[in-house]
Amino acid sequence: MTYITGFSKLSKDQKIEVVSSRFSNPTIVEEEFRSFHHPDEKLQSKFEEFSENTISNFFMPFSVAPNFMINDHMYMVPMVIEESSVVAAASKAAKFWKERGGFRAEVIDTEKIGQVHFEWKGEKSFLTENFEDLKIKFFEGTKQITANMERRGGGISRIELVDMTAKEPNYYQIKAYFQTVDSMGANFVNTCLEEFAKILKAYVAEKGHNEDDLYVIMSILSNFTPNCLVKVWVECPIEELGMIEGIAPQEFAEKFAKAIKIAHLDPYRAATHNKGIYNGVDSVVLATGNDFRAVEACGHTYASKDGNYKSLSDVSIENGIFNFSLTIPMALGVVGGLTNLHPIVKRSLEMLENPSAKELMMIAAAAGLANNFAAVKSLTTSGIQKGHMKMHLINILTSYNATEEEKAAAIRHFENEVVTFSSVREFLDDWRDKLIVQF
Ligand code: MEV
């Protein structure tokens, strides 16, 4: 590949041509990129504006997991995910728990955090003694930015000075806490922080300090929001779990609890375990136009907050009650960002009856717990491959252009057979040979 200059300045058509010309079959590739454009040009332009250097659209399945009962309310949950069996697993777990009282959920808090990182070469006492005064200026100086958010019930909750000099000479932070109501709040937080930095600079100058004493490094929100936290749980008497894959309820509950304990003890297992939680969470986060990278970064940091990375979910078996819970931080929004722009995101939110950000936190967490329950249930009973391979089989068959009839025959054949690319290929070859012979 040769180095390209000025790519971003090209028109979309030119970009498609430049990219396609690098393939061995440029005409076909160009057609393919274009074939994924939306027929409605206005809509297509809208999609293109989400990012830069856009040449096509990237399709992902938009699925639905019905029957999620959360706090006695029934939801149909939209999920965007490419991994087969995640939606099936979530739906199955939702149905299982609906029959046992459904999910319970509560939002513990929705606090967001941001920091101005700076160096201060003057006396520490200047900062500590003047911080109350500075705080007033921070609040006053950001009134225009916060007015709208305050009307909606949010705003800046508190501002602290953090002394980091024990870790790095002259390093301090202004750490601010926010409520952003139904928005994720990244723009609001960052705008306030940049204003704080300006106010700090002006204050220091006004007090006659040498301008070299203050060096603002950066102003940015933190994606670690340990107090933007939601808890979701399911529970029932152990007996009501019923027989699971031929395993008696008491044994199942105990084996399940051991699996959760392992995910608390061993980071290798914890990472996979938490990944299973994010299968559900991310699917809802994506379907509702939220930032899954922020949600994941936050959750994984939270999972290591006690010094070792561990499971986000927990289980207890006390007084004959099986209780499985997930406490997970996530900063979500239902206004702003993609929520107003992406037509399917709008539909996702409508499907969820236009939830508040708090309700969406509970729904996404319930999807996470559902997928975690389904995964650990399979792992501790039938094994994960049985269900996975069923879905994987469909993908393999599709990749071999199998007909509906061939798919149905393959599903029957592989009920108790091991699915691999070569075994499916062999099955299809045999099936097609037989058909030719019959013909
Ligand atoms: C696969 O996407 C997720 C699992 O590996 C989760 C787990 O192991 O708990 C099945």
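Side chains are part of it too, since the values below use all heavy atoms of this structure and drop only hydrogens, waters and symmetry mates.
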Heavy-atom side-chain contact between V19 and F33 under 4.5 Å: yes
Sidechain N-carboxylate O distance under 4.0 Å for K95, E99: yes
Check: E48 main-chain N/O paired with T54 side-chain donor or acceptor under 3.5 Å: yes
Under 4.0 Å between a side-chain nitrogen and a carboxylate oxygen: does that hold for R158 and E160? yes
Using only heavy-atom distances, determine whether the side chains of N71 and E106 contain a donor-acceptor pair under 3.5 Å. no
What I'd like to find out is whether the side chain of I174 reaches to under 4.5 Å of the side chain of Q115, using heavy atoms alone. no
Q179 and Y177: side chain donor to acceptor below 3.5 Å: no
Taken in chain and number order and not counting sequence neighbours, the residues that satisfy salt bridge (Lys or Arg N to Asp or Glu O under 4.0 Å) with D429 are R425
Taking all atoms of both residues into account, what is the closest heavy-atom pair of G299 and L312, and its distance? O-CD2, 3.7 Å
Which pair of non-hydrogen atoms, one from V232 and one from L369, has the smallest distance, and what is that distance? O-CD2, 3.9 Å
Check whether S283 reaches the backbone of I81 with its side chain - one donor and one acceptor, N or O, closer than 3.5 Å. no
Check: T225 side chain, C228 main-chain N or O, donor-acceptor pair, under 3.5 Å: no
Using modelled atom types only, decide if a donor and an acceptor are shared between the side chain of D40 and the backbone of L43 within a distance under 3.5 Å. yes
For atom CE of M76, decide whether the heavy atoms of other residues, nucleotides or ligands shown that lie under 6.0 angstrom number more than 12. no
Look at R432 together with E406 and state whether they make a salt bridge at an N to O cut-off of under 4.0 Å. yes
Donor-acceptor pair, N290 side chain versus L286 backbone, under 3.5 Å? no
Between Y215 and N170, is there a side-chain donor-acceptor contact under 3.5 Å, judged purely by atom types and distance? no
Interatomic distance, CG@N401 vs CG@L428, rounded to 0.5 Å, equals 10.0 Å
Shortest non-hydrogen contact from A410 to L393? O-CD2, 3.9 Å
Regarding R34 and E30, does a basic nitrogen lie under 4.0 Å from an acidic carboxylate oxygen? yes
Does the pair D72 and R104 meet the rule for a salt bridge (Lys or Arg N to Asp or Glu O under 4.0 Å), with working shown? CA-CA 8 Å; D72 300 319; R104 296 275 138 205; 2.7 Å; yes
Steps toward side chain to side chain contact (heavy atoms under 4.5 Å, CB included) verdict (L200, L214): CA-CA 9 Å; L200 178 65; L214 176 70; 3.8 Å; yes
Using every non-hydrogen atom in the two residues, find where A294 and D291 come nearest and quote the distance to one decimal. N-OD1, 3.0 Å
I need the T191 OG1 to Q144 CD distance, nearest 0.5 Å. 12.5 Å
Verdict with reasoning, H117 to Y172, per side chain to side chain contact (heavy atoms under 4.5 Å, CB included): CA-CA 6 Å; H117 303 268; Y172 293 87; over 6 Å; no
Between K112 and S222, is a side chain to side chain contact (heavy atoms under 4.5 Å, CB included) present by the stated rule, with each step listed? CA-CA 8 Å; K112 314 285 163 50; S222 171; over 6 Å; no
Got a second to check how far I108's CD1 is from T327's OG1, nearest 0.5 Å? 5.5 Å
Within the 3.5 Å criterion, strictly below it, is a donor on E417 or H413 matched to an acceptor on the partner's side chain? no
Give a yes or no on whether a salt bridge exists between K434 and D430, defined as a side-chain N under 4.0 angstrom from a carboxylate O. no
Does the separation of the ring centres of H73 and Y75 fall below 6.0 angstrom? yes
Check: Y203 ring centre within less than 6.0 Å of H209 ring centre: no
Quick one: do the N53 and S8 side chains pair a donor with an acceptor below 3.5 Å? no
Is it true that the side chains of S56 and H37 contain a donor and an acceptor less than 3.5 Å apart? no
Residues, nucleotides or ligands: over 12 heavy atoms within 6.0 Å of R347 CZ: no
Where does the angle between the aromatic ring planes of F196 and F178 fall among parallel (under 30°), tilted (30 to 60°) and perpendicular (over 60°)? parallel
Are more than 12 heavy atoms, taken from residues, nucleotides or ligands other than E41, located less than 6.0 Å from that residue's CD atom? no
List the steps, then state whether salt bridge (Lys or Arg N to Asp or Glu O under 4.0 Å) holds for E49 with K46. CA-CA 5 Å; E49 282 162 11; K46 207 187 240 188; over 6 Å; no
Quick one: closest heavy-atom pair of H264 and N308, and the distance? O-ND2, 4.0 Å
Going through the distances and angles, do F68 and F103 end up as a ring-ring contact (aromatic ring centres under 6.0 Å, His included)? CA-CA 8 Å; F68 259 84; F103 295 84; 5.4 Å; yes
Hey, is D109 close enough to K358 for a salt bridge, meaning N to O under 4.0 Å? no
Check whether any side-chain heavy atom of K261 lies under 4.5 Å from a side-chain heavy atom of L265, and answer yes or no. yes
Compute the centroid of each ring, for F59 and then for F36, and state whether the two points are separated by less than 6.0 Å. yes
Which distance, rounded to the nearest 0.5 Å, do you find between the NZ of K175 and the CD1 of I159? 13.5 Å
Return the orientation label for the F256 and F373 ring planes: parallel under 30°, perpendicular over 60°, tilted otherwise. tilted
Rounded to the nearest 0.5 angstrom, the OG-NZ distance for S304 and K310 is 10.0 Å
Check the side chains of S11 and Q14 for a donor-acceptor pair under 3.5 angstrom, ignoring hydrogens and angles. yes
For atom NZ of K92, is the number of surrounding heavy atoms from other residues, nucleotides or ligands below 6.0 Å larger than 12? no
As a quick check of understanding, evaluate side chain to side chain contact (heavy atoms under 4.5 Å, CB included) for I260 and S313, giving each step before the final call. CA-CA 7 Å; I260 304 298; S313 62; 4.2 Å; yes
Interatomic spacing from CD1 in I199 to OG1 in T142 - rounded to 0.5 Å: 6.0 Å
Ring-face cation of K231 near W233 (centre distance under 6.0 Å, axis angle within 45°): yes
Any salt bridge linking E140 with K143? Criterion: basic side-chain nitrogen under 4.0 Å from a carboxylate oxygen. no
Which atoms form the tightest heavy-atom contact between V295 and A331, and what is the distance? CG2-O, 4.1 Å
Would you say NZ of K98 has more than 12 non-hydrogen atoms from neighbouring residues, nucleotides or ligands within 6.0 angstrom? no
Keeping the roles fixed (side chain from D182, backbone from A357), state whether a donor-acceptor pair exists under 3.5 Å. yes
Cation-pi check, K275 to Y278: give yes when NZ or CZ is under 6.0 Å from the six-membered ring centre and within 45° of the ring axis, no otherwise. no
Would you say the side-chain atoms of N395 pair up with the backbone N or O of S84, donor to acceptor, closer than 3.5 Å? no
Would Q44 and N57 count as a side chain to side chain donor-acceptor pair (under 3.5 Å) if you check the C-alpha gap in whole Å, the side-chain angles of each, and the deciding distance to 0.1 Å? CA-CA 9 Å; Q44 180 56 35; N57 300 317; 2.7 Å; yes
